[in-house]
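Everything on this sheet refers to the single structure shown next.
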Amino acid sequence: MLDGVIAYTPIEDSRALGRLTGARVSLKCENLQRAGSFKVRGAYTRMARLSAEERARGVVAASAGNHAQGVAVAAARLGIKARIYMPLGVALPKLAATRGHGAEVVLHGHNVDEALTEAKRYADEHGAVFVHPFDNVDVVAGQGTIGLEILEQVPDVDTILMGVGGGGLLAGVSVAVKARARELGREIRVIGVQAENAAAYPPSLAADALVPLQKVSTIADGIAVGRPGQLPFSIIRELVDDVVTVSEDSLARALIFLLERSKMVVEPAGAVGVAALLDGKLTENGANPGNTVVVLSGGNIDPMLMLKVIQRGLAAAGRYLVVRMLLDDRPGSLATISRIIAESDANVTGVDHTRVGGSISMGDVAITINMETKGEEHCEQVLNNLRAEGFQPVVIQG
């Protein structure tokens, strides 16, 4: 069904990750998929199975970006009218791309859940077919084709690692992979990864029931889902070996790692599997991950978000330091600080100098300095050198 519609995305070995983990690690590059993510697989599978009468009524969906683009591409391919609700704060590149594929876009609500509610209301009122981003059997089946491709490309895979939001991708891959593993008479581990500030699956699995989150806040907007889908949850509960979480700083570090070491542009949601590997999540209990495949599920990242994530990732790795200091407002203070930083072999990239502010006394000046550093030990050396000269640097970022 998907032949000629999707790209057969490549598998790339990552020697850098292999050296860090002691295992063979490969990357399944769905960031190179049509529309920039795996979502087109499930959207097309769902929509291709609609009857002629259903197609004539059109489809409606809601998404912050990837599902929207997947539905838009599938609709254009099948000649179906698509109306897609996106949150008001959606990234402009994702909005433009969705419209560029021919879909009608309506901005509504402040998050995906509000957009979903409005999309369902429109479907009920106008008779359009609602294409759910993850809680549908055809969508889950379409996402599962990634698992089949991985088995063809890496037949000896032992562990498959991927991000999870609502659960459609993880559920689909686990069904496909576990069925094939049973046929082969061997074990293949399937592990999901969530951002810790948007992790609904661990408490839901512990309670054996859907546990919605009260708040979701993560840079990984592609998996920022506060409530698991009922269908994916029922599959994941039975088949998936584990669901682990990673921090925002870990996500930022993983994104930079992929940029620098694999030359891959990946959105934060697509980098969570790499973050889990870098954090040692697969080997915490002495487990051997064996031949591991990480699904890079998407590459649709807003350049402005990328700028922020890179800055945060560099800070988390000790390669970017921002400090603030209060000084006596007299000639020579800034020159002294510049000398200390230069002698510490750090590189100043920005300086903010102000005499006005609620915490600044008369005769004082506040200075904020951004600098490039070479790691956590180097950051501490710079700070100690400043303190040794009588300054009191407060770390803002780093």
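The shown structure was predicted, so the numbers you read here are calculated from the model rather than taken from an experiment.
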Inter-residue atom distance [X].[atom1] - [Y].[atom2], 0.5 Å rounding:
X	Y	atom1	atom2	answer
Asp241	Ser174	CG	OG	9.5 Å
Ile191	Asp242	CD1	CG	6.0 Å
Ile341	Leu386	CD1	CG	5.5 Å
Glu54	Arg49	CD	CZ	13.0 Å
Arg180	Ile188	CZ	CD1	9.0 Å
Thr117	His108	OG1	NE2	7.5 Å

Of all the heavy-atom pairs spanning [X] and [Y], show the shortest one and how long it is.
X	Y	value
Ala199	Leu213	N-CD1, 3.5 Å
Val140	Pro232	CG2-CG, 4.4 Å
Asn300	Glu267	N-OE2, 3.0 Å
Ile80	Val59	CG2-CG1, 3.9 Å
Ala123	Ala128	CB-O, 3.4 Å
Ala48	Leu78	N-CD1, 3.6 Å

Legend entry - Stepwise salt bridge (Lys or Arg N to Asp or Glu O under 4.0 Å) check, Arg83 with Glu125: CA-CA 13 Å; Arg83 181 183 179 95; Glu125 185 175 324; over 6 Å; no
With no hydrogens and no angle check, is any side-chain donor or acceptor of [X] less than 3.5 Å from a backbone partner on [Y]?
X	Y	answer
Tyr201	Gly166	yes
Thr292	Gly290	yes
Asp302	Leu92	no
His378	Ser344	yes
Gln230	Asp135	no
Lys81	Val60	no
Asp158	Pro289	no
Gln69	Gly36	no
Lys39	Ala68	no
Thr373	Gly375	no

Inset, instruction - For Glu118, check side-chain hydrogen bond (donor to acceptor under 3.5 Å, both in side chains) against everything at least two apart and list the hits. - result: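 side-chain hydrogen bond (donor to acceptor under 3.5 Å, both in side chains) list for Glu118, sorted by chain: Arg121.
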Inset, instruction - Identify, with sequence neighbours excluded, every residue that meets side-chain hydrogen bond (donor to acceptor under 3.5 Å, both in side chains) alongside Thr245. - result: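 Partners of Thr245 under the side-chain hydrogen bond (donor to acceptor under 3.5 Å, both in side chains) test: none.
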Inset, instruction - Show your reasoning for whether side-chain contact (heavy atoms from CB on, under 4.5 Å) applies to Leu258 and Leu296. - result: CA-CA 10 Å; Leu258 287 164; Leu296 306 181; 4.1 Å; yes
Quick one: does [X]'s side chain get under 4.5 Å of [Y]'s, heavy atoms only?
X	Y	value
Arg253	Ser250	yes
Val274	Leu27	yes
Glu114	Pro87	no
Val106	Ile84	no
Arg34	Arg77	yes
Ser297	Met162	no
Leu327	Ile337	yes
Leu116	Pro133	yes

Inset, instruction - Identify which one of Glu376, Glu372, Glu260 satisfies the salt bridge (charged side-chain N to carboxylate O under 4.0 Å, His left out) criterion when paired with Arg319. - result: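 Exactly one pass, corresponding to Glu260.
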Inset, instruction - Could you tell me whether Glu149 and Arg41 have a side-chain N and a carboxylate O separated by less than 4.0 Å? - result: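 A salt bridge is present here (some side-chain N lies under 4.0 Å from a carboxylate O).
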Legend entry - SB check Asp345 Lys374 (cutoff 4.0 Å):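 Salt bridge flag = yes for Lys374 with Asp345.
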Quick check on the hydrophobic clustering: are [X] and [Y] connected, directly or via other members, by side-chain heavy-atom contacts under 4.5 Å?
X	Y	value
Ile6	Val71	yes
Val246	Leu255	yes
Val40	Val129	yes
Val90	Val105	yes
Val139	Leu148	no

Legend entry - Greater than 12 external heavy atoms within 6.0 Å of Glu183's CD: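 It does: Glu183 CD has more than 12 such atoms within range.
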Inset, instruction - Give a yes or no on this: more than 12 heavy atoms of other residues, nucleotides or ligands lie within 6.0 Å of atom CD of Gln392. - result: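 No - once you tally the heavy atoms of other residues, nucleotides and ligands closer than 6.0 Å, there are 12 at most.
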Side chains of residues 215-227: which donor-acceptor partners sit under 3.5 Å, not counting sequence neighbours?
{"from": "Thr218", "atom 1": "OG1", "to": "Ala220", "atom 2": "N", "distance (Å)": "3.0"}
{"from": "Thr218", "atom 1": "OG1", "to": "Glu248", "atom 2": "OE1", "distance (Å)": "3.3"}
{"from": "Thr218", "atom 1": "OG1", "to": "Glu248", "atom 2": "OE2", "distance (Å)": "2.8"}
{"from": "Asp221", "atom 1": "OD2", "to": "Lys94", "atom 2": "NZ", "distance (Å)": "3.2"}

Inset, instruction - Answer yes if the side chains of Thr9 and Glu30 hold a donor-acceptor pair under 3.5 Å, and no otherwise. - result: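 Thr9 vs Glu30: donor-acceptor pair found between side chains.
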Inset, instruction - Tell me yes or no: between the side chains of Arg339 and Thr336, is some donor less than 3.5 Å from an acceptor? - result: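 No - no donor-acceptor pair under 3.5 Å links their side chains.
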Legend entry - Evaluation steps, side-chain contact (heavy atoms from CB on, under 4.5 Å), between Leu205 and Arg237: CA-CA 6 Å; Leu205 292 169; Arg237 176 179 56 191; 4.1 Å; yes
Legend entry - Of all pairs that satisfy ring pair (Phe, Tyr, Trp, His ring centres under 6.0 Å), the ones with a partner from residues 47-103, not counting sequence neighbours: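 Applying ring pair (Phe, Tyr, Trp, His ring centres under 6.0 Å) to every pair that reaches into residues 47-103, excluding sequence neighbours, yields nothing.
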Legend entry - Steps toward salt bridge (Lys or Arg N to Asp or Glu O under 4.0 Å) verdict (Glu380, Arg387): CA-CA 10 Å; Glu380 197 57 39; Arg387 292 174 186 132; 3.4 Å; yes
Under 3.5 Å, sequence neighbours excluded: what are the donor-acceptor pairs made by side chains of residues 303-317?
{"from": "Gln311", "atom 1": "NE2", "to": "Tyr320", "atom 2": "OH", "distance (Å)": "2.9"}
{"from": "Arg312", "atom 1": "NE", "to": "Asp249", "atom 2": "OD1", "distance (Å)": "2.7"}
{"from": "Arg312", "atom 1": "NH2", "to": "Asp249", "atom 2": "OD1", "distance (Å)": "3.3"}

Legend entry - Those residues that, when tested against Phe134, pass ring pair (Phe, Tyr, Trp, His ring centres under 6.0 Å) (two or more places apart):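 With sequence neighbours excluded, Phe134 shows a ring pair (Phe, Tyr, Trp, His ring centres under 6.0 Å) to His132, given in chain and number order.
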Legend entry - Glu187 and Arg182: CA distance, side-chain angles, deciding distance, salt bridge (Lys or Arg N to Asp or Glu O under 4.0 Å) verdict: CA-CA 8 Å; Glu187 183 71 22; Arg182 285 194 297 271; over 6 Å; no
